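Chain letters run A, B, ... following the sequence lines, proteins first and then strands; every chain starts at 1. Side chains are part of it too, since the values below use all heavy atoms of this structure and drop only hydrogens, waters and symmetry mates. Remember, it's a predicted structure, so these values are computed and weren't measured experimentally.
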Amino acid sequence: MPMEKTFNAAEAEPRLYDAWETAGCFVAGANAKPEASSYCIMIPPPNVTGVLHMGHAFNNTLQDILIRWKRMQGFDTLWQAGTDHAGIATQMVVERRLAEAQQPSRTEMGRDAFLQKVWEWKGESGGTIVNQLKRLGASCDWSREAFTMSGAPAAPEDVATGNFHDAVIKVFVEMYNKGQIYRGKRLVNWDPHFETAISDLEVENVEVAGHMWHFKYPLAGGETYEYIEKNEDGEVTLRETRDYISIATTRPETMLGDGAVAVHPSDARYAPIIGKLCEIPVGPKEHRRLIPIITDEYPDPDFGSGAVKITGAHDFNDYQVAKRGGIPMYNLMDTKAAMRADGKPYAHEAAIAQAIAAGTQAFDETMIAAMNLVPDEYRGLDRFEARARVVADITAEGLAVMVEKTITDEDGVEAILWEPFVENKPIMQPFGDRSKVVIEPMLTDQWFVDTDKIVGPALDAVKNGDVKIMPESGEKVYFHWLENIEPWCISRQLWWGHQIPVWYGFPVTTERGQLMLQGANGQALIERFEEQGREIDKPIWLSDLSPIDEEFGVSAGVIPFCAGDQYELQKKVREYLDKKLAWLGLSPDVFSQLAIDENPEDPTQLFEQGIYGLERDPDVLDTWFSSGLWPIGTLGWPEGTTELEKYFPTTTLVTGQDILFFWVARMIMMQLAVVDQIPFDTVYLHGLVRDAKGKKMSKSTGNVIDPLDIIDEYGADALRFTNAAMASLGGALKLDTQRIAGYRNFGTKLWNAVRFAEMNEVYANGAPTTRPDPEFTVNAWIIGETAKIREVVDEALEQYRFNDAASALYAFVWGKVCDWYVELSKPLLLDGSDAEKAETRAAMGWVLDQCLILLHPIMPFITEELWTETAARDKMLVHADWPTYGAELVNAQADREMNWVIDLIDAIRSARGEMHVPAGLRIPLVQVGLDAAGQQAFAQNKAMILKLGRVDTVTEAAEMPKGAVTIAVPGGSFAMPLEGVIDVGEEKARLEKSLGKLAKEIGGLRGRVNNPKFAASAPPEVVEEARENLAAREEEEAKLTAALNRLAEIA
RNA sequence: GGGCGCUUAGCUCAGUGGUAGAGCACUUCGUUGACAUCGAAGGGGUCACUAGUUCGAACCUAGUAGUGCCCACCA
């Protein structure tokens, strides 16, 4: 049965993928040669709720090319598959689904029920992206599919195997114990939509139209001062008596939390009022807060008024100033970024704040955090509403700075108007990358990785070349970020994620003076002892903080106990109690009954619920903290698995440059911090896949290309080939469907070349097995060409130049095999001798097999189909041996001869075309003065030349016939006597055009060859090449000039 | 403000010192026994600009002009 004319991708792809998977072709170590070295790629885990987009398709195509290539080479390969739990993204999706289904909200159903829902959703949708990756042909080892939340408490066994959770927890505990993780109250980026802290990287700064308002902060007690402005020459430009200080702000609502006004110490304008108090011009008049005017290096005297209000709890700059100056930082907003409505009435709070500003009231962090300085009338307002209200109120009171404005009415009369000074200016505003709402700097307790402590080895690893980042520009970006790295906020106020393994105890004292450590639920440790009938003989004042508490990292009166499991936790609590009792001078024996329960009935439950009433930190870890452990976590760490032994450190990481900081840098840091090894040798970074015009794909623009639609329409191979062809190092990735169609056509071309072979009995005796030792030039030539291309492909892939590999294969298969070899073989296969037929069939079979092998990593489906359909094979193509032949297969003589033949056919065709010889017309050819090599080449390939040149007869002549079209070849000339068919003028024009081109080339070549400095400085082979080139051009020029002269004789 | 790129044919892009390339688009011709998802031929480029280095520059250096991305605290 003859083959179909085209490859049916839709039918074949699922069938082939299934066959590979069923046969276990992708499992770790499949097709590995004995003693093979390992080659491992970790998939960048897509979000478990995700669907495949073009970025995934591109990224995974490159990984698959590498892994299939290495697998065929016989390496012990592993492409580790898996998905990421994607904290915020997944929680967002599930919450939205609950809302759509009109089910109780997250907060209504509570943490456990909600997590149950998330796991259900994971079970439903988690397979989606995996199946989509399979459609792309990704040859991951799915039997090892990992998940970043596997092994977490409450993880249903059917949706997540493995134990990533333990690795994450273990790392947290180890880093905590090494002091690389700490907790503290810091100003962090707060996302009011998700009500969680986020890291710097999750903030997008966007320029938006904003306003800058200018307000007067009146000096306390009606004081005045001489305000003097001078120009550069020191001349006074303004002098007036002021009873206020002018402040500019883009965020008036934060004025409510001001702790001071700062000016630069060198700013003479404000020197008279340094240390005085001024009034925040908002809120009820009788309770206006007074704040000090201080100096700090931060304000720029040349910007605005030179005076800056300091709101430590709502601005990152102000935070630094406030810390330096001991200025209280009043938090104004709740978790939704609405103005706080809790706490005591404003009058009460303001009075305390007043005392603090006056220096008569001591304060600490906890006390400040509890205070609500939002005036009663603003409480509960959204921050933007509050802003409008504050502006309106200040303006109404006349405390806005006013400016003159000249207006002209209809009659051309000018009038001067005073209006509030509000500048319209673009400001950079921070937005949450997921929520898209304005991020609020918030003062909260969070967990941080002390990146300074672990960044060094990560920098060194790239600097000394242990880890290579490609393209190289990525290394510069990497260095720049790591050298200026900030602490990494890793706690998130979410529910979906790895809950932080820290339990808190509050050392407190009861009325009886005996309670020592309790959780938030009030369950008290001491009561447990009393239940057990043990009397405490004297009161224990454990609420007194001690060096012991410091040692355990007390923060805001809370003692954290970080532990990876219940035994550790019990031991830590016990250790704390023992030490504290000793410090108090009590016998540890008091708590001897606090025996560590080595064999609890249900340890998990005990652990999860906390022990002894301690409360577990409700927060979860940043998703990137866990994905930062992807390399070791998926290989089974902390167990010393054979996979870990074999595949770690992994080989290549292929990922988008947009997650260089999020993921790549952190993986390097964390792997080095945890196991003191680099996670991979090479990082291949690529850009964002864009549309044909270079625009970012987005739903709103409507230019999103769905890879699955592309696969449906053109097949996975076409998409993959396009991806490979786009993947130049550091190149732009513009996806054009026309291009995809072109590569689909390429597949069809290959298909039909094999179809031709099949029709010509190439596979009649089964699979092509051995490479023939060719007698005939055309076969020797194509075998040499194949050998060259194998070297090119390997070299390109070694250097991650996917586009070079793809375009070399394209040019070879289409341009050499199909356009020339198949055509040249036709006279041999159709009319040749038995020997010619047999050898050509064998050669063609071998060459096409090589094409399938070399193309397989890029186009796995169509090549596998052709491989298995043409003949019975020992192995599937996916496991075929990758060839190693090279230059030794190139036959220089055959090369020369075939190139001469090809050039001749080209010249005949070109002349025919330009002379408008009808395509169907067979013409006579005259050969003139051909040298021996030419004679031989012509004679040996005569049938091909006649067929492809559409020549019917060949004669020899001593001289060029008149009125003929001239074709100059090395070693002689040919003529096409076409009197009556051709136009003499046209031939003249053709020759002149060729001569013109030649003259230009010859001019350049002569200039070089005749320049003594060229001969002296250039490499000998370059000089030699130029000389040969010149000689050949000159020979051609002479022939064409002679032809032109002959034409002149006629005309 | 800092950093990193980019500028080559109508379009999208390769090309890192030695005769300017590909695909698509365009023009002409073609139902030649693998393929019209095809074949043959052809047109089309001061390699952004300027100045250097070099025997020789699209490529190296410096600057200029566009343009894109990342980072950044100017209230």
How would you label the contact of [X] with the nucleic acid (heavy atoms, under 4.0 Å): base, sugar-phosphate, or nothing?
X       : result
A:K826  : base
A:L1005 : nothing
A:S473  : sugar-phosphate
A:N484  : nothing
A:Q738  : sugar-phosphate
A:F316  : nothing
A:D302  : nothing
A:Y743  : nothing
A:V477  : nothing
A:R990  : nothing
A:E823  : base
A:G306  : base

Where the side chain of [X] is concerned, which of [options] is the nearest nucleotide?
X       : options             : result
A:D819  : B:C35, B:G39, B:A75 : B:G39
A:R1033 : B:U19, B:A75, B:G30 : B:U19
A:R755  : B:A75, B:A41, B:A34 : B:A34
A:C818  : B:G18, B:A41, B:A34 : B:A34
A:N745  : B:A34, B:G42, B:U37 : B:U37
A:T748  : B:U37, B:C24, B:A14 : B:U37
A:T249  : B:U19, B:G33, B:A75 : B:A75
A:K993  : B:G42, B:G39, B:G5  : B:G42

Counter-base of [N], judged by Watson-Crick or G-U geometry with both distances under 3.5 Å:
N     : answer
B:U32 : none
B:A25 : none
B:A62 : B:U50
B:U67 : B:G5
B:A57 : none
B:G45 : none

Can you tell me if [X] touches the phosphate of [N], counting only side-chain N or O atoms and a distance under 4.0 Å to OP1 or OP2?
X      : N     : answer
A:K5   : B:C35 : yes
A:S910 : B:G42 : yes
A:K425 : B:C74 : no
A:R950 : B:A40 : no
A:K749 : B:G39 : yes
A:W814 : B:G39 : yes
A:S807 : B:A22 : no

Evaluation steps, salt bridge (Lys or Arg N to Asp or Glu O under 4.0 Å), between A:R324 and A:E297:
CA-CA 10 Å; A:R324 282 196 288 271; A:E297 296 291 328; over 6 Å; no
What distance, rounded to whole Å, do you find between the two [atom1] atoms, one in [N] and one in [M]?
N     : M     : atom1 : answer
B:G66 : B:U19 : P     : 34 Å
B:A48 : B:G10 : P     : 13 Å
B:C55 : B:G63 : P     : 24 Å
B:G43 : B:A22 : P     : 12 Å
B:U37 : B:C24 : P     : 13 Å
B:G42 : B:U16 : P     : 27 Å
B:A14 : B:U8  : C1'   : 10 Å
B:A25 : B:G18 : P     : 32 Å

In whole angstrom, give the distance that lies between atom [atom1] of [X] and atom [atom2] of [N].
X      : N     : atom1 : atom2 : answer
A:L946 : B:U32 : CG    : C1'   : 14 Å
A:F746 : B:C24 : CZ    : C1'   : 16 Å
A:R909 : B:G39 : CZ    : P     : 11 Å
A:L948 : B:G39 : CG    : C1'   : 11 Å
A:L735 : B:G23 : CG    : C1'   : 14 Å
A:E472 : B:G5  : CD    : C1'   : 14 Å

Does A:E1034 come within less than 4.0 Å of A:R1006, counting only side-chain N to carboxylate O?
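So A:E1034 pairs with A:R1006 through a salt bridge.
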Polar side-chain atom of [X] near backbone of [Y] as donor-acceptor pair, under 3.5 Å:
X       : Y       : answer
A:R950  : A:R912  : no
A:S910  : A:A907  : no
A:R1027 : A:V1009 : no

Qualifying residue for ring-ring contact (aromatic ring centres under 6.0 Å, His included) with A:F721, from A:F861, A:Y743, A:W814, A:F802:
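Only one of A:F861, A:Y743, A:W814, A:F802 forms a ring-ring contact (aromatic ring centres under 6.0 Å, His included) with A:F721, namely A:Y743.
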Could you check A:I485 against A:L482 for side chain to side chain contact (heavy atoms under 4.5 Å, CB included), going step by step and ending with a plain yes or no?
CA-CA 5 Å; A:I485 196 160; A:L482 286 192; 3.9 Å; yes
Could you go through the side chain to side chain contact (heavy atoms under 4.5 Å, CB included) check for A:R387 and A:W213 one step at a time?
CA-CA 11 Å; A:R387 178 182 303 172; A:W213 289 271; 3.9 Å; yes
Establish whether the base of B:U37 is bridged to the side chain of A:R744 by a donor-acceptor pair shorter than 3.5 Å.
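Flag set: donor-acceptor pair detected.
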Under 3.5 Å side-chain donor-acceptor pair for A:K309 and A:T254
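Indeed, the side chains of A:K309 and A:T254 share at least one donor-acceptor pair under 3.5 Å.
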Within 6.0 Å of CD in A:E1021, more than 12 heavy atoms from elsewhere
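Yes, enclosed.
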Evaluate whether atom NZ of A:K216 has more than 12 neighbouring non-hydrogen atoms of other residues, nucleotides or ligands under 6.0 angstrom away.
yes
Whether each nucleotide of nucleotides 52-59 of chain B has a protein heavy atom under 4.0 Å at its base (B), only at its sugar-phosphate (S) or at neither (-) is summarised, 5' to 3', as ---B----
Quick one, A:M54 and A:L719 - any side-chain contact, counting heavy atoms below 4.5 Å?
yes
